[in-house]
Number of protein chains: 2
Amino acid sequence: MVQQPDGGRRSPLNRDRVLRAAVALADAAGIDSLSMRNLAQELGVVPMALYKHVANKEELLEGMVDVIVGEIDPPDLDTGWKTGIRQRILSARRALLRHPWASRVIESRSQPTLLVLDYLDSIAGTFRAGGLSVDLTHHVMHVLGSRVWGFTQELFPASPLPAEPEAHAAMFRELAGRYPHIAEIATSGAHDEGSVVGRGCDDQFEFEFALDLLLDGFERLHQQGWQSGNRS
Amino acid sequence: MVQQPDGGRRSPLNRDRVLRAAVALADAAGIDSLSMRNLAQELGVVPMALYKHVANKEELLEGMVDVIVGEIDPPDLDTGWKTGIRQRILSARRALLRHPWASRVIESRSQPTLLVLDYLDSIAGTFRAGGLSVDLTHHVMHVLGSRVWGFTQELFPASPLPAEPEAHAAMFRELAGRYPHIAEIATSGAHDEGSVVGRGCDDQFEFEFALDLLLDGFERLHQQGWQSGNRS
DNA sequence: ACCTGAACACCGTTCAAGT
DNA sequence: ACCTGAACACCGTTCAAGT
């Protein structure tokens with residue numbers, strides 16, 4: 001149940017209230033619970049009342065993406081392009097971590113909103129201001145892909161561990177037999193000892209590791225004067 | 001309508017026929033048309049008959065992913081790790097391009113299947129055989145992310161262009177005014193002249209550009225003897 | 001003119017009745 | 001024991017009836 005100080009009835013319904021309620025509902029109950037019917041109930045109105053403020057569910061989801069994009073920090077103009085991009089993307093990541101449903105909604109959109117284009121244009125502008133060519137900026141934006149939003153498509157979502165220790169151990173022995181390389185990764189390093197694949201990984205470390213690898217690669221290409229058809 | 005040489009009735013229903021029909025239906029009519037009810041109709045059976053061969057829709061989708069994973073070429077053991085990984089991933093990409101729905105299904109799974117783990121273990125094994133440390137192999141697998149499947153999460157899906165040239169031109173002028181950096185990317189290089197963002201990009205070039213940037217980065221870290229907490 | 005209840009055309013899945 | 005039609009508990013959205 002999402003908190004509603006005014007019982008969801010005092011102020012008249014408007015687009016902003018609809019969007020904020022949708023975000024709150026998705027935050028609290030998960031994106032699968034966000035139906036037009038549930039949202040209407042949360043707001044104390046009949047489902048059809050929502051269609052006065054959003055044309056359909058697609059437009060509702062678009063609006064929710066805009067709410068999240070609005071939470072990304074504005075650019076810091078006093079740094080080099082590398083630091084600027086890095087800070088911006090890590091800010092986007094913080095926004096996304098506050099709204100776990102957002103990455104799935106972003107990747108399911110078929111049209112960018114104006115706010116989304118603003119953000120992307122600003123990122124591209126930072127590369128250009130840093131001296132990267134139009135061409136290199138273009139390709140580099142593609143390489144970043146969903147990472148500009150602060151998330152990455154993982155190999156597979158973290159599997160929930162079996163709760164009982166003995167089932168856990170049994171599963172791990174089976175895993176180690178059939179998948180030796182995955183097992184050695186899972187058992188190595190700073191992980192929970194004996195954790196199963198994907199658990200115990202430090203998501204933030206992995207994200208920054210990848211981001212810095214990419215930014216270093218971009219810088220190297222830029223300094224080498226990269227041009228199309230000119231790959232070393 | 002999916003082709004059914006035997007009218008979908010001759011051979012008795014089994015799991016394999018269900019999965020192959022599901023893949024064919026998704027290929028032909030799109031993943032949104034793949035419902036248990038539609039699939040049953042395609043096979044000439046009552047919807048509940050499917051539940052004898054798959055526990056539920058989740059398991060059906062898992063089985064479909066396995067069909068696609070089965071189409072990835074086996075590893076070529078006569079090359080270095082870099083070429084080996086590159087070939088394997090480009091093979092996965094070809095399989096995915098044959099089944100446009102597959103990337104969305106892969107990213108929506110919550111549990112890897114045994115075949116998926118086989119593939120990932122094989123990729124990790126190639127890095128290890130090339131001499132990369134367990135730690136570096138681990139992080140490098142995370143950096144690849146969905147790229148091991150041959151797809152990337154784009155910034156946003158390609159917007160369909162307005163069909164009428166004048167609407168097209170008007171949209172582009174508006175775009176250029178508000179989004180100068182996106183516009184200069186869209187108008188530059190080898191694209192359709194005046195194309196809108198995301199259209200006219202050579203997806204295969206972008207994919208290979210990113211993949212090679214990453215593989216070069218991995219090689220550099222490996223040669224530098226990268227270790228955790230040792231980033232230059 | 002505005003609002004909204006009922007209805008439409010779907011889902012995935014359960015369950016009990018029929019063979 | 002097996003199979004399956006009807007039913008359940010949902011969807012997003014249309015539409016016409018009521019105010």
Side-chain angles (χ1 to χ4, degrees), chain A residues 1-2 7-19 21-26 28-66 101 104-111 113, chain B residues 1-2 7-19 21-26 28-66 101 104-111 113:
Chain A
M1 198 55 50
V2 175
R9 225 169 284 261
R10 177 129 29 109
S11 48
L13 208 55
N14 58 41
R15 187 181 160 92
D16 193 57
R17 274 193 68 222
V18 169
L19 295 183
V23 167
L25 179 58
I31 192 70
D32 290 334
S33 300
L34 180 78
S35 68
M36 298 301 271
R37 287 161 139 99
N38 280 347
L39 178 57
Q41 195 180 358
E42 207 68 49
L43 286 162
V45 299
V46 85
M48 281 311 298
L50 299 175
Y51 286 81
K52 188 116 311 158
H53 305 101
V54 290
N56 48 38
K57 193 175 182 182
E58 284 289 293
E59 199 181 294
L60 177 74
L61 293 171
E62 272 182 24
M64 292 170 71
V65 171
D66 278 352
W101 47 270
R104 273 179 57 187
V105 174
I106 287 173
E107 66 192 13
S108 69
R109 290 315 79 210
S110 58
Q111 294 277 358
T113 65
Chain B
M1 199 54 50
V2 175
R9 225 168 285 259
R10 179 129 27 112
S11 48
L13 208 56
N14 59 41
R15 187 181 160 92
D16 194 59
R17 275 193 65 222
V18 169
L19 295 182
V23 167
L25 179 57
I31 193 69
D32 290 335
S33 299
L34 180 78
S35 67
M36 299 300 271
R37 287 161 138 99
N38 281 347
L39 178 58
Q41 196 180 357
E42 207 68 49
L43 285 162
V45 300
V46 84
M48 280 313 295
L50 299 174
Y51 287 81
K52 188 113 313 156
H53 305 101
V54 290
N56 47 39
K57 193 174 182 183
E58 284 289 294
E59 200 181 293
L60 177 74
L61 292 170
E62 272 183 23
M64 293 171 69
V65 170
D66 278 350
W101 47 270
R104 272 179 57 188
V105 173
I106 287 173
E107 64 190 15
S108 70
R109 288 318 76 209
S110 58
Q111 293 277 356
T113 65

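Just so it is clear: chains get the letters A, B, ... in the order the sequence lines come, proteins before strands, and each one is counted from 1.
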For DNA chain D, the dot-bracket notation using Watson-Crick and G-U wobble pairs below 3.5 Å, [ ] for pseudoknot-type crossings and | for other-strand pairs, is ||.|||||...|||||.||
Just jot down the side-chain hydrogen bond (donor to acceptor under 3.5 Å, both in side chains) partners of A:Glu58, sequence neighbours excluded, or say none. A:Arg109
Quick one: list whatever passes side-chain hydrogen bond (donor to acceptor under 3.5 Å, both in side chains) with B:Asp66, sequence neighbours left out. B:Thr113
What interatomic distance, in whole Å, is found between C1' of C:dT13 and the corresponding atom of D:dT13? 23 Å
Between D:dG18 and C:dC8, how many Å separate the two P atoms, rounded to a whole number? 16 Å
Rounded distance (Å) that lies between atom [atom2] of [N] and atom [atom1] of [X]:
| X | N | atom1 | atom2 | result |
| --- | --- | --- | --- | --- |
| A:His53 | C:dC2 | NE2 | P | 13 Å |
| A:Gln41 | C:dT4 | CD | P | 16 Å |
| B:Asp32 | C:dA9 | CG | P | 20 Å |
| B:Leu13 | D:dC3 | CG | C1' | 13 Å |

With side chains defined as the heavy atoms from C-beta onward, is the minimum distance between A:Leu43 and A:Leu50 less than 4.5 Å? yes
Tell me every residue that passes side chain to side chain contact (heavy atoms under 4.5 Å, CB included) with A:Arg15, counting only those two or more places apart in sequence or in another chain. A:Leu19, A:His53, A:Val54, A:Glu59
List the residues meeting side chain to side chain contact (heavy atoms under 4.5 Å, CB included) with A:Ser33, not counting sequence neighbours, and say none if there are none. A:Ala29, A:Asn38
Mark up nucleotides 12-19 of chain D, 5' to 3', with B wherever a protein heavy atom is under 4.0 angstrom from a base atom, S wherever such an atom reaches only the sugar-phosphate, and - elsewhere. BBBB----
Any salt bridge (charged side-chain N to carboxylate O under 4.0 Å, His left out) involving residues 43-52 of chain B? Give me the pairs, sequence neighbours left out, ordered by first then second residue. none
Who passes salt bridge (Lys or Arg N to Asp or Glu O under 4.0 Å) against B:Arg104, sequence neighbours left out? B:Asp32
Contacts of B:Asp16 meeting salt bridge (Lys or Arg N to Asp or Glu O under 4.0 Å) (sequence neighbours excluded), chain-then-number -> B:Arg20
